[in-house]
J.: 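Below you will find the structure I want to go over with you.
A, B, ... follow the sequence lines: proteins, then strands. Residue 1 opens every chain. Since we're looking at a predicted model, the values are computed, not measured. Computation of the quantities below employed the complete heavy-atom set of this structure, encompassing side-chain atoms and omitting hydrogens, waters and symmetry-equivalent molecules.
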Amino acid sequence: MNMIKKIYDKLLKDYGPQGWWPLVEHPGSNPTKSGAIEGYHPGDYSLPTTDTQRFEICLGAILTQNTSWVTVEKSILNLYRINSLSISGIKKLSDGKLREMIKPAGYYNQKARYIKEFIVFFEKLDGKVPSREELLSVTGIGPETADSMLLYAFKQPHFVVDAYTKRIFIKIGLIDKKANYDEIKKLFEDNLDKDYKVYQEYHALIVEHAKRYYLKKTNYGKCPLLKLIKK
DNA sequence: AACCAGGACGTGA
DNA sequence: TCACGTCATGGT
């Protein structure tokens with residue numbers, strides 16, 4: 001009964017709180033030291049606390065589209081080092097310079113455009129929380145990016161569905177191969193408390209779990225959730 | 001050396 | 001609505 005919740009409990013028990021979304025600067029981090037590995041803040045659901053941090057999360061959400069997070073970290077640190085990890089900082093950059101900084105994350109031409117367009121949208125918010133529809137109206141923001149922003153930057157209870165989520169839950173038989181984004185999103189939201197902290201943790205745990213068992217197809221069979229399902 | 005990474009857009013059926 | 005090509009660097 002409620003496998004969705006049961007799986008969440010198991011993943012949290014096995015892996016512990018993940019501390020998403022990583023932020024270069026937060027109490028306890030040390031960004032000058034090296035990477036943003038220290039950007040994670042497990043158990044602290046108070047972040048982000050500033051508009052600059054909110055923007056950093058939104059920026060990361062765009063940069064990580066179909067791209068590994070390590071290359072996104074490089075891009076974000078590139079901006080950080082030239083003191084441009086902020087709206088005002090990016091606005092000062094030429095288009096070419098912005099493209100150069102985010103190059104490691106790939107698709108740098110379109111992502112640079114997406115970022116510039118998002119900045120206009122973000123400034124118009126003037127501190128307000130955007131609706132999902134408003135976010136989706138911005139070029140470059142699709143369902144997953146919108147939900148990532150809502151969930152991690154604005155602490156709104158929107159479940160984030162990514163490629164890993166589909167892969168895992170198709171494998172264990174809880175969703176159909178042809179289920180679309182909104183159907184999968186609804187499955188999770190219908191079976192969990194409407195709590196942004198739970199949604200944040202669950203999505204992060206799914207990514208962690210996928211990195212352990214779902215990078216290579218030959219490993220799918222080792223997924224411990226397969227046994228959990230059969231009971 | 002393919003394959004894929006914390007997807008979205010534009011196009012044409 | 002939905003399948004398909006495109007965008008691009010970098011890690012495994």
J.: How would you label the contact of A/V161 with the nucleic acid (heavy atoms, under 4.0 Å): base, sugar-phosphate, or nothing?
T.: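 The answer is nothing, as A/V161 stays clear of every strand by at least 4.0 Å.
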J.: Where the side chain of A/Y107 is concerned, which of B/dG7, C/dA8, C/dG10 is the nearest nucleotide?
T.: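 For the A/Y107 side chain, the nearest candidate turns out to be C/dA8.
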J.: Below 4.0 angstrom from OP1 or OP2 of B/dA8, is there any side-chain N or O of A/T145?
T.: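 Answer yes for this pair, as a side-chain N or O of A/T145 is under 4.0 Å from OP1 or OP2.
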J.: Which part of the nucleic acid does A/G106 contact within heavy-atom distance under 4.0 Å: base, sugar-phosphate only, or nothing?
T.: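 A/G106: base contact, heavy atoms under 4.0 Å.
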J.: Between C/dC7 and B/dA1, how far is it from one P atom to the other, in whole Å?
T.: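 Per the computed distance, 23 Å lies between those P atoms.
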J.: Roughly how far apart, to the nearest Å, are B/dA2 and C/dA8 at atom C1'?
T.: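 About 16 Å, rounded to a whole number of Å.
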J.: Counting any heavy atom closer than 4.0 Å, what does A/S148 reach on the DNA or RNA strands: base, sugar-phosphate only, or nothing?
T.: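 The residue A/S148 makes no contact with any strand.
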J.: Identify which one of A/Y199, A/Y8, A/F169 satisfies the ring pair (Phe, Tyr, Trp, His ring centres under 6.0 Å) criterion when paired with A/F188.
T.: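 The single option meeting the ring pair (Phe, Tyr, Trp, His ring centres under 6.0 Å) with A/F188 is A/F169.
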J.: Would you mind telling me which of C/dT9, B/dA5, C/dG11 lies closest to the side-chain atoms of A/V70?
T.: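 Closest of the options to the side chain of A/V70: C/dG11.
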J.: For A/K216 and C/dT12, give me the distance from atom NZ to atom P, rounded to whole Å.
T.: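 These atoms are roughly 12 Å apart.
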J.: Give the nucleotide from the list C/dG10, C/dT9, B/dG7 with an atom nearest to the side chain of A/Q110.
T.: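 Per side-chain heavy atoms of A/Q110, the pick is B/dG7.
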J.: With the side chain of A/E144 defined as its heavy atoms from C-beta on, choose the nearest nucleotide among B/dA8, C/dA8, C/dG11.
T.: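 Output: B/dA8.
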J.: Tell me the interatomic distance from A/F118, atom CZ, to B/dG7, atom P, rounded to whole angstroms.
T.: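 To the nearest whole Å, that distance equals 17 Å.
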